[in-house]
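Everything below concerns the one structure shown next.
Numbering of ligands and ligand atoms starts at 1, following listing order. Predicted model only: the values in this text are computed from it and were never measured.
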Amino acid sequence: MAKAFASQADLAEKKITFTRLSENAYAYTAEGDPNTGVIVGGDGVMVIDTQATPVMAQDVIRHIRTISDKPIRYVVLSHYHAVRVLGAAAYNAGEIIASVATHEMIKERGREDMDSEIGRFPRLFRAVESIPGLTWPTITFDRALTVWMGALEVQLIHVGAGHTRGDTIVWLPSQKVLFSGDLVEYQAGVYAGDAQLAEWPQTLDKLRALRPEKLLPGRGPALLSASESIAGIQFTQDFVRRLYACAKEGVAAGKSLRQIYQDARRELDPIYGQYPIYEHCMPFDVARAYDEASGTTHPRIWTAERDVEMWRSLEI
Ligand SMILES: [Zn+2]
């Protein structure tokens, strides 16, 4: 039987964990589903990545209300992906903050991405009808922005390209807590379908240089020590390097996308095959790696139609 498209057959609900990372920082994690970060400052709360729908975001709010009754002032979008941003309306935050590059990507491909992601992974869009439309930032910044939440310094940094062209991390320098968005995944598939693969490893070196002592990845468990944080960065860096090396070698040898896909599966399945969403990610990852290795620097836009067409060409 043909493998089901993307994650359409993934229907099992995940268990939510809400973990305190430091005096002010919390992690909302879900066994490999998208994570959300929470910072409670002197004057209010910041949410980092929203969940996919307002109804799903209500569960984050329920958890926040177990630790604080302060207003939710800020929503930060680590990047433009629908599954991270489309729950934003639930928070009624004063400001929605993203990098300029993320804002550009929402303008360029937000609508197509929304339709594509909903088709790929229906379970992650519970109560999809509660999404009021695209999420637009109210504040954008080019390289870095500091938000003072009372006395707490919160740095938003667009460290460079990687998972997308607009990735933003959130860093608490006084507590050495890092929220990486999908730049780092741990014990989960790494989605690279919209990535800048050549740059991603160097961008991760900048995260390493911060010397985080706690790290909330985009997917996977919260990392609760310096060594675990480095292991998370390394996990992603290794995957990205291996994936891109497969594509570069294949393109140099004149192989087709389908041949390179089969080579990449042979090499990467034994290492990453057991992790959630790996099977979902690989066709998109190899398609993007093949494009970049062939000279397409700006990722082509995925649409619901292109998704299915590509999947058929590789998986059947
Ligand atoms: Zn993403």
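Angle NE2 (H163) to the Zn ion (ligand 1) to NE2 (H79): 100°, rounded to 10°.
The N, O or S atom of H81 lying closest to the Zn ion (ligand 1) is ND1. Restricting D182 to its N/O/S atoms, the shortest distance to the Zn ion (ligand 1) is reached by OD2.
Side-chain contact check for Q234 and D238: at least one donor-acceptor pair (N or O, by modelled atom type) lies under 3.5 Å. T138 and E95 share a donor-acceptor pair across their side chains, judged by distance under 3.5 Å alone. Judged purely by distance below 3.5 Å, without hydrogens or angles, the side chains of D49 and T36 never pair a donor atom with an acceptor atom.
The ring of F235 has its center closer than 6.0 angstrom to the ring center of Y272.
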